[in-house]
*Asks:* 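The structure is given below, and queries will be raised subsequently.
Only heavy atoms go into these numbers, but all of them, side chains included; no hydrogens, no water, no symmetry mates.
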Amino acid sequence: MYRNAMNDLLAWKSRPGRKPLILRGARQVGKTFLMKKFGEERYESAVYVNFENNSAVRGLFAGDISPQKIIRGLEAYCGRKIDSERCLLIFDEIQGEPRALTSLKYFSEDAPQYDIICAGSLLGVALHSGTSFPVGKVEFLNLYPMSFEEFLIAVGKEELVNLYKDKEYGLIGALKSEYISLLKTYYFVGGMPEAVAGFVSEEDLAKCAQIQQNILSTYEQDFSKHAPNEIVPKIRLLYNNIPAQLAKEHRKFVYSHIKEGARAKEFEMAMMWLTDCGLVHKVDNVSAPRIPLQAYADPKHFKLFPHDIGLLSRMSGLEPQIVFDQNRFFTEFKGAITEQFVLQEMMALGGIPVFYWSNSAGSAEVDFLISSQNSPVPVEVKAETNLQAKSLSVFRDKFAPGLLLRLSMSDYRRDGDLLNLPLYLTGNLKAEIRDLG
C-alpha cells in the first residue's frame with residue numbers, strides 16, 4: 001500500500017551525513033511493512049532482524065557492540081556479506097534489546113556508511129523504564145495510521161487526491177457526494193493498514209470490524225504483557241473510557257468519569273504508558289493563544305483521543321449503517337468522530353502541534369488551535385453543513401487572529417479572514433494555510 005512516509009525515507013537516504021533512523025508509531029500502523037518495502041525497492045539487499053522474540057540476534061549484542069563486531073555477527077547470522085553501499089539494516093522492535101539501541105551511537109560515530117532503520121512500538125515505554133538512549137546520534141520519523149489521502153489511493157481513487165492537490169475546487173464540488181461517501185466509509189474503516197487491506201480485498205465492513213476487534217485484543221494483550229502489573233487495570237479503564245468521554249458535549253477528559261472518586265495522580269502512569277505507546281493523543285488546553293502555544297498549555301485540562309478513527313468506531317460499538325443512514329443515535333457522537341478525523345489528519349501531516357482553546361467561563365471553546373508561521377490559527381470542526389460558530393466569533397473578537405479555519409461538509413470558500421475547508425480536504429490544510437500566508 002502507498003504510504004506518504006516513503007517520501008520521507010527517500011529524503012533520508014539521499015541526505016548527506018544521515019544518522020540511523022528510528023521509525024516511531026503504535027503497533028500495527030505499518031512500520032515493519034514500510035521498512036521492508038523500502039529495503040526491497042531502494043537497496044540491492046536488506047537484513048531484517050526482530051528483537052522481540054529472537055534470542056540469537058539479541059546475543060550478538062551481549063558483549064562488544066562496536067560496528068565491526070556487530071556486522072560480523074549479522075553476516076554470520078544471515079549467511080551473507082553486508083555491503084554498506086548496497087544493503088539496508090532493519091532493526092525491528094529495537095526496544096527488545098537495549099544494547100542494540102546503544103549501538104546506534106557507535107554506528108553514527110564510527111561507521112556512518114551503514115544505512116540503518118529501526119522501529120519500536122514500545123520504545124517510549126522502554127525509555128521511561130531506564131533504557132539508555134543515543135541522544136543526538138539518531139533521527140526520527142513518526143508513522144501514524146493511514147490518512148484519508150492514503151485510504152483514497154488504496155481504494156483506487158487516486159484521481160480524487162490529484163484534484164484536491166491541484167486545487168480543482170470546481171470539479172471537487174461536482175464530485176462532492178463521492179468524496180463524502182468515501183469519507184464516511186473511512187470513518188468506519190479507519191487507517192489501520194490491515195483493516196484497510198481487508199476492506200479493499202472484500203469490501204466487507206463486517207470483516208473489517210472483526211479485524212479491528214482483533215487489533216484491539218492485541219492491544220489488550222500488550223497491556224498485560226508489557227505494562228507493570230499494578231497499572232494494567234488502570235490502563236484498561238482509561239483506554240476503554242475514551243469513547244464515553246468523547247461522547248460528552250464538552251469533550252474535556254475528566255478522571256472522575258472513569259470511576260467515582262478517581263484522581264489524576266491515580267492514573268498518571270497509565271496515561272503515560274498509553275501515550276508512550278502511541279495509542280492515544282492528548283490535546284492540551286491553551287487559555288492564552290500566544291506563541292509558542294506549548295508555553296501556555298495546561299496539561300491538567302485536555303481532550304483524549306485514540307490514534308485511529310476506525311478503532312474509535314469499533315470501541316464505541318458503532319455499526320456502519322448508523323454512520324451512513326444518519327441514525328438519530330449517532331447525532332451526538334458524530335461530532336466526536338469528526339474531531340477524531342481532523343486530529344488524525346493533522347497528526348499525519350506532521351509538524352503540527354495541536355491544542356484547543358476555551359475561555360475561563362467555559363462558555364466558548366474552539367476545537368483545535370495550531371500554530372502557523374508564528375501565529376495561532378483557530379480550527380472549528382463541524383460534522384455537517386451547519387456553519388454557526390459562536391465560539392469562533394468569540395475567539396476572533398477577543399484575539400483578532402489573522403486567519404480562522406472552519407472544517408465542515410460545506411464547499412470550499414474564503415470569506416474575509418475565515419476559510420471554510422471541506423472535511424474531505426483536511427489533508428490540504430497545511431498547504432492552504434501556507435499559501436494564504
Side-chain angles (χ1 to χ4, degrees), residues 2-5 7 144-191 196 305 308-310 323-324 334-352 354 356 366-373 377-389 392 401-437:
Y2 172 80
R3 301 302 305 266
N4 283 318
N7 296 323
Y144 300 102
M146 295 174 69
S147 66
F148 183 51
E149 173 186 319
E150 292 169 327
F151 173 78
L152 289 176
I153 294 173
V155 298
K157 299 292 183 178
E158 186 171 2
E159 190 52 44
L160 295 180
V161 175
N162 294 335
L163 285 180
Y164 74 69
K165 283 189 172 180
D166 294 337
K167 299 189 175 182
E168 295 281 0
Y169 293 123
L171 291 173
I172 290 170
L175 296 168
K176 177 178 179 177
S177 60
E178 185 170 7
Y179 279 102
I180 291 175
S181 176
L182 287 163
L183 178 60
K184 289 179 178 179
T185 301
Y186 180 76
Y187 281 2
F188 187 83
V189 176
V196 174
F305 297 85
D308 178 65
I309 190 170
V323 179
F324 287 100
K334 183 165 52 182
I337 287 285
T338 309
E339 282 190 35
Q340 168 76 38
F341 168 71
V342 171
L343 174 65
Q344 195 166 325
E345 289 288 282
M346 290 193 290
M347 298 299 292
L349 287 170
I352 304 183
V354 183
Y356 79 100
V366 173
D367 299 309
F368 297 115
L369 192 65
I370 60 177
S371 177
S372 175
Q373 299 179 359
V377 178
V379 181
E380 187 80 1
V381 177
K382 296 293 183 182
E384 292 293 340
T385 57
N386 175 16
L387 302 185
Q388 293 183 359
L392 204 58
L403 175 66
L404 300 100
L405 185 63
R406 182 175 57 211
L407 294 163
S408 73
M409 287 297 190
S410 290
D411 296 337
Y412 178 96
R413 74 169 181 267
R414 180 78 187 271
D415 183 14
D417 60 356
L418 176 63
L419 171 65
N420 187 86
L421 191 66
L423 281 162
Y424 46 83
L425 301 187
T426 303
N428 253 22
L429 182 147
K430 204 171 182 179
E432 286 290 343
I433 292 177
R434 182 190 63 236
D435 292 347
L436 289 171

*Asks:* Do Leu407 and Leu423 come within less than 4.5 Å of each other through their side chains, counting heavy atoms only?
*Replies:*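 Yes, their side chains come closer than 4.5 Å.
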*Asks:* Considering non-hydrogen atoms only, spot the tightest contact between Val377 and Leu403 and give its length.
*Replies:*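 Reported closest heavy-atom pair: CG1-O, 3.9 Å.
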*Asks:* Quick check for you: to the nearest 0.5 Å, what is the distance between Glu158 atom CD and Leu160 atom CG?
*Replies:*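 Here the interatomic distance stands at 10.0 Å.
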*Asks:* Any donor and acceptor pair, going by atom type alone, linking the side chain of Asp308 with main-chain N or O of Gly190 inside 3.5 Å?
*Replies:*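 Such a contact is absent between Asp308 side chain and Gly190 backbone.
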*Asks:* Taking all heavy atoms of Tyr186 and all of Gln344, pick out the closest pair and write down the distance.
*Replies:*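 In terms of heavy atoms, the two residues are closest at OH-NE2, 3.3 Å.
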*Asks:* In Å and rounded to the nearest 0.5 Å, what is the CG to OG1 distance from Leu343 to Thr426?
*Replies:*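 The CG atom of Leu343 sits 11.0 Å away from the OG1 atom of Thr426.
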*Asks:* Please tabulate, for side-chain N and O atoms in residues 163-177, each donor-acceptor pair with protein atoms closer than 3.5 Å (sequence neighbours left out).
*Replies:*
unit_1, atom_1, unit_2, atom_2, d
Tyr164, OH, Glu149, OE1, 3.4
Lys165, NZ, Glu149, OE2, 3.2
Lys167, NZ, Asp435, OD2, 2.4
Tyr169, OH, Glu432, OE2, 2.1
Lys176, NZ, Met409, O, 3.2
Lys176, NZ, Asp411, OD1, 3.4

*Asks:* When you look at Val379 and Val354, which way does the side-chain contact (heavy atoms from CB on, under 4.5 Å) test go after all the steps?
*Replies:* CA-CA 10 Å; Val379 181; Val354 183; over 6 Å; no
*Asks:* Within a strict 4.5 Å, meaning less than it, do heavy atoms of the Phe368 and Leu405 side chains meet?
*Replies:*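 Answer no - side chains too far apart.
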*Asks:* Do you see a donor-acceptor pair shorter than 3.5 Å between the side chains of Asn420 and Arg406?
*Replies:*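 Yes.
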*Asks:* To the closest 0.5 Å, what do you measure between CG (Asp367) and OH (Tyr356)?
*Replies:*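 Rounded to the nearest 0.5 Å, the CG-OH separation comes out at 10.5 Å.
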*Asks:* Ring centroid separation for Tyr424 and Phe148, is it under 6.0 angstrom?
*Replies:*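 Centroid distance Tyr424-Phe148: not below 6.0 Å, so no.
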*Asks:* Run the salt bridge (Lys or Arg N to Asp or Glu O under 4.0 Å) test against Lys157 and tell me which residues pass, sequence neighbours left out.
*Replies:*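 Scan of Lys157 (salt bridge (Lys or Arg N to Asp or Glu O under 4.0 Å), adjacent residues dropped) gives Glu178.
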*Asks:* Got Ile153 and Glu150 here, is their nearest side-chain heavy-atom distance under 4.5 Å?
*Replies:*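 In short, these two side chains do not touch, never coming nearer than 4.5 Å.
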*Asks:* Give, for atom CD of Glu339 and atom NZ of Lys334, the distance between the pair rounded to the nearest 0.5 Å.
*Replies:*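 Separation between the atoms: 13.5 Å.
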*Asks:* Rounded at 0.5 Å granularity, tell me how far CG in Leu183 sits from OG1 in Thr338.
*Replies:*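 Going from CG on Leu183 over to OG1 on Thr338, the span is 8.0 Å.
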*Asks:* Work out which heavy atom in Ala154 is nearest to a heavy atom in Val196; give both atom names and the distance.
*Replies:*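 Looks like CB-CG1, 3.9 Å.
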*Asks:* Nearest heavy-atom pair of Pro378 and Val366: which atoms, and what distance?
*Replies:*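 Taking Pro378 first and Val366 second, the nearest heavy atoms are CB-CG1, 3.8 Å.
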*Asks:* When rounded to the nearest 0.5 angstrom, what distance separates CG in Leu421 from OH in Tyr412?
*Replies:*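 Interatomic distance, Leu421 CG to Tyr412 OH, rounded to 0.5 Å: 7.0 Å.
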*Asks:* Between Glu345 (side chain) and Ser147 (backbone), is there a donor-acceptor pair under 3.5 Å?
*Replies:*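 Such a contact is absent between Glu345 side chain and Ser147 backbone.
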*Asks:* Closest heavy-atom contact between Gln340 and Phe305?
*Replies:*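 The pair with the smallest heavy-atom distance is OE1-CB, 3.3 Å.
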*Asks:* Side-chain contact test, heavy atoms from C-beta onward, threshold under 4.5 Å: evaluate it for Tyr2 versus Asn4 and give yes or no.
*Replies:*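 Contact flag for Tyr2/Asn4 side chains = yes.
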